[in-house]
Amino acid sequence: MINTFRNHPDLKPLLQKINNNVVALDGKALPLKFMEVCGTHTVSILKFGFRQFFKDTIKFLSGPGCPVCVTSAKDIDKTIFLAQQGYHIVTFGDLIKVPGSQSSLEKEMAQGATVDVVYSPFDALAIAKNTTKEVIFIAVGFETTIPVIASLVLDAYAQKLNNLSILCLVKTMPNVLRYLLTHLQGQIDGFILPGHVSVIIGSEPYEFIPEEYHIPCTIAGFEPVDLGLGVESLIDQIRSGSVKVDNRYTRMVRTEGNTAAQVLISSVFQESDVSWRGFGIIPLSGLGLKAEFEQFDAEKKFDIRVDDVEVKTACICGDIISGKSSPLDCVLFRKQCAPENPVGPCMVSFEGACAAYYKYGE
Amino acid sequence: MCLAVPYRIISKDGNKAIADVFGMKKEIDIRIIEDVEIDEYVLVHAGFAIQRVSQEDAKETLELLTELCEAEE
Ligand code: SF4
């Protein structure tokens, strides 16, 4: 923490000022509870020592903003089922270690399954062009990632690739926040909103948070100063009693977001009810392919058969991504569960709360 | 996973461009960035440019990132 402060002379006075302002708040129970929605924010909060610095004044709750963490065990089982059929699976790296009910993609690879880890979804196009096998891209991600997945589908369509499809597991932010607000009423004092999701959607989709729930929220970036400014904004809103969607990441986020990206998304996808780990199905909280792109939908193309098996472990990832528990509440944390042998997705993903606590926690 | 970093455009060809970040050159997709020009900065996530960024803002972000990387060493 000190290392980072040394490089940011303005940061420590800023954090000190915020702390003093929290202590001076009238009639508010401390610590305040702020949810950082995005997994990258969780990492920053731990890495830059915010959690420790504000330990008496602000409690940071991890939110549902790690795409791998919110993917349900059943959806992981679908990816494993497809790998077991001999199809060529293409995915982002984090996903392969996530345990399903019986196995993981990584274990299937050891058994001979073909699984390629890529940095960009476009790599799936190149892979599909060079094989006659069915290639399936496991599409996880939020609004930041959805435009590139939409582009992958459009390119596959334009190039008439008939051996490429996606297992569409993408999710969107606004309605999961609404779900949390209705289920955790009174337990969240403010939201630190995800910076790069907001680059795409802008600030308007969050307006219901101050309007309907009277809770302050601020779009923030990921560097220590960005995060400090985000927290400062939440405290200022609480102090003044006038809540809004503040944008403290104006160097990247415009009010209207990126409209070209929004058009791209809606040309390929439509809103759909999707399942989240820990929450179950949330109405209109994800996207599915539009009918004209059905041929690229792995769920339609293949007969995916997975059971509803309840995985019995003491893993509390579901509670962690809904802000109800902290990794430190899990009996497996640092014992049976560690990054080398993760029991749940929150320990797998670099931006999962358990992995962040493991790496940077005190 | 939602991280995105500013890249500088070096050359472009249709939807694709070659761009530089910290001296590394990578192919990125620029289809949603209207009329992007050489030497302009774009915010890139998973090989896809999601936003045009002013030179000043890009430099600020890159400096922050560099400082953090140095602090980590
Ligand atoms: S420490 Fe491991 S088992 Fe416990 S909640 Fe986190 S991922 Fe699950």
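Values reported hereafter were calculated over all heavy atoms of this structure, with side chains retained and with hydrogens, waters and symmetry mates removed. Letters A, B, ... are given to chains in the order of the sequence lines, protein chains preceding strands, and every chain is numbered from 1.
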Report the option among B:A58, B:S54, B:G47, B:P6 that has the most heavy-atom pairs separated by less than 4.5 Å from atoms of chain A.
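Of the options given, most contacts go to B:G47.
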Select one option (side chain, backbone, both, neither) describing which atoms of A:F122 are under 4.5 Å from chain B's heavy atoms.
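Only the side chain of A:F122 comes within 4.5 Å of chain B.
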Heavy-atom distances under 4.5 Å only: say whether A:T259 touches chain B with side chain, backbone, both or neither.
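Contact with chain B is absent: no heavy atom of A:T259 under 4.5 Å.
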Output field: ring centroids B:Y7/B:Y41 closer than 6.0 Å
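No; B:Y41 has its ring centre 6.0 Å or more from that of B:Y7.
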Return the option, out of A:V118, A:D123, A:D226, A:D155, with the maximum number of heavy-atom pairs under 4.5 Å with chain B.
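Looking at each option in turn, the highest pair count goes to A:D155.
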Parallel, tilted or perpendicular: which fits the ring planes of A:H196 and A:F222, with parallel below 30° and perpendicular above 60°?
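The arrangement is tilted - the two ring planes meet at 30° to 60°.
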Pair A:E232 + A:R248: basic N to acidic O under 4.0 Å
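Yes, this pair counts.
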Any salt bridge linking B:R52 with B:D35? Criterion: basic side-chain nitrogen under 4.0 Å from a carboxylate oxygen.
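No, this pair does not count.
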Which atoms of B:I50 approach chain A - backbone, side chain, both or neither, heavy atom under 4.5 Å:
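Backbone plus side chain of B:I50, per the 4.5 Å heavy-atom cut-off to chain A.
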For B:K16, does its backbone N or O pair with a side-chain atom of B:E27 as donor and acceptor, under 3.5 Å?
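A pair under 3.5 Å: no.
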